[in-house]
Number of protein chains: 2
Amino acid sequence: MDTTTKQFRKRNAILAYLRQTKEHPSAEMVFTHLKPEYPDLSLGTVYRNLSMFKNKGEIVSLGTVNGVERFDGNTTPHVHFVCMGCEAITDLPQIAVPEALNQQVTGETGGVIDTCQLTFVGKCQACANKKGEAV
Amino acid sequence: MDTTTKQFRKRNAILAYLRQTKEHPSAEMVFTHLKPEYPDLSLGTVYRNLSMFKNKGEIVSLGTVNGVERFDGNTTPHVHFVCMGCEAITDLPQIAVPEALNQQVTGETGGVIDTCQLTFVGKCQACANKKGEAV
DNA sequence: TTCCTAAACGAGAACGTTTCTTATTTACAT
DNA sequence: ATGTAAATAAGAAACGTTCTCGTTTAGGAA
């Protein structure tokens, strides 16, 4: 009846989208993006699978922006820029985060370092310009 | 009737605690700490004032740990270590975050950088050791 | 095919954190 | 004393996220 099996395995669609996009989406954003193609997709499924992928290390959480958790399908450690205006998260290319820091921190704390997040917070060009406009 | 005016201005007590403590507390932690001294303190008051101080730049948000926002009364930019086990946040002393990075990022994005957060995530010594124990 | 089992899912309830609303209290100036 | 504006307590409400449970699906066995 159906030409493909695409109505199954929404899980794969969720991971595929995370891998491909650069918007560092929230659960809601993933849901909104996939809903047209998978009309019977449930928000719970998105949450469930994001949580699973995160635990398996296939995706990474970037923490929350205004109370909403954001994810990144690119698990290679890199630096992010968060715009407080439009809430966009963008990758910052090629900023060297001294690898020696990890060892230094391990030495200081005596614990175990899993990840290191370097995030710049501010306003993107567009939002910075908006700032001056009339309200 | 009352010897002091200490039952007023809980707002000040909240800020004072943030300034003094190193536990990088959540709203709940602030509330729990101040409740004995201010028995009629309300959790809503803590949230309201934390939010106000944050907006005024008098304190800083460190983001959320397991869904709970954490604050720091020390607004001097510095590096943090978050233990995923006990959820403790500790300051990391004197790790140089190249100041030139800000300018580099400003150049890349064309926007405005407000802050730069460098956070290490892992397990503190105590929690790392617990890991091996029987469950 | 039909049956069976385990995984995946949808729908909505439940949960915990945070924000909002409203009435009360306080501080201070009149 | 009285008026006024800010601060507060209490609890309701909102929001994002997780959980529960009954259903559907995939894939293997008979």
Side-chain angles (χ1 to χ4, degrees), chain A residues 1-18 23-56 58-71 82 84 87 89, chain B residues 1-18 24-56 58-72 82 84 87 89:
Chain A
M1 205 56 77
D2 53 297
T3 54
T4 70
T5 52
K6 93 171 181 193
Q7 66 269 39
F8 313 131
R9 296 298 131 81
K10 293 154 192 179
R11 171 170 301 179
N12 294 333
I14 291 170
L15 182 57
Y17 178 58
L18 262 291
E23 69 170 356
H24 309 85
S26 64
E28 184 81 35
M29 290 158 84
V30 172
F31 176 76
T32 300
H33 180 89
L34 294 178
K35 187 70 174 176
E37 190 174 0
Y38 301 87
D40 58 349
L41 177 65
S42 156
L43 188 55
T45 295
V46 176
Y47 275 107
R48 180 168 355 99
N49 287 305
L50 286 177
S51 182
M52 165 188 297
F53 286 135
K54 185 171 82 172
N55 289 336
K56 285 169 57 179
E58 305 221 39
I59 67 176
V60 151
S61 170
L62 303 182
T64 59
V65 177
N66 289 333
V68 181
E69 188 168 13
R70 304 287 286 268
F71 299 90
V82 179
M84 295 183 315
E87 303 188 348
I89 301 180
Chain B
M1 203 55 78
D2 52 297
T3 55
T4 70
T5 51
K6 91 171 183 192
Q7 66 268 42
F8 313 130
R9 298 295 132 82
K10 293 153 192 180
R11 172 171 300 178
N12 295 333
I14 292 169
L15 182 57
Y17 178 58
L18 261 291
H24 308 86
S26 63
E28 184 82 35
M29 289 158 85
V30 172
F31 176 76
T32 300
H33 180 88
L34 295 178
K35 187 71 172 174
E37 191 174 359
Y38 301 88
D40 58 348
L41 178 66
S42 154
L43 187 56
T45 295
V46 175
Y47 273 106
R48 178 169 9 89
N49 286 305
L50 286 176
S51 182
M52 165 188 297
F53 287 135
K54 184 170 82 172
N55 290 337
K56 284 170 56 179
E58 305 220 40
I59 66 175
V60 151
S61 170
L62 302 183
T64 59
V65 177
N66 288 333
V68 181
E69 188 168 15
R70 303 288 285 268
F71 300 89
D72 194 340
V82 179
M84 296 183 314
E87 303 187 348
I89 301 181

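Heavy atoms only: backbone and side chains are in, while hydrogens, waters and symmetry mates are out. Per chain, numbering begins at 1; letters A, B, ... match sequence-line order.
Nucleotide D:dA9 holds its P atom 11 Å from the CG atom of B:Leu34, rounded to whole Å. The distance between atom OH of A:Tyr38 and atom C1' of C:dC9, rounded to the nearest whole Å, is 14 Å. Look at CG on B:Asp40: it is 12 Å from C1' on C:dT26, rounded to the nearest Å. Rounded to whole Å, atom P of D:dA7 lies 13 Å from atom CG of B:Leu15. For the pair A:Leu41 CG and C:dG12 P, the computed distance is 15 Å after rounding to whole Å. Between the CG atom of A:Asn66 and the C1' atom of D:dA14 there is a distance of 15 Å, given to the nearest Å.
Counting heavy atoms from C-beta outward, B:Leu15 and B:Asn49 have side chains that stay 4.5 Å or more apart.
Between B:Gly44 and B:Gly67, the one whose closest nucleotide on DNA chain C sits nearer the 5' end is B:Gly67.
In this structure A:Tyr17 satisfies the ring-ring contact (aromatic ring centres under 6.0 Å, His included) test together with A:His33, sequence neighbours excluded.
Under the side chain to side chain donor-acceptor pair (under 3.5 Å) criterion, the residue pairs touching residues 59-71 of chain A are A:Lys54-A:Glu69, A:Ser61-A:Glu69, A:Thr64-B:Thr64, A:Asn66-A:Glu87, with sequence neighbours excluded.
Within the nucleic acid shown, A:Glu69 comes within 4.0 Å of sugar-phosphate atoms alone, with no base atom in reach, counting heavy atoms only.
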Polar atom pairs between nucleotides 6-8 of chain C and protein, under 3.5 Å, N or O only, would you list them?
| from | atom 1 | to | atom 2 | distance (Å) |
| --- | --- | --- | --- | --- |
| C:dA8 | OP1 | A:Arg11 | NH1 | 2.6 |
| C:dA8 | OP2 | A:Arg11 | NH1 | 3.4 |

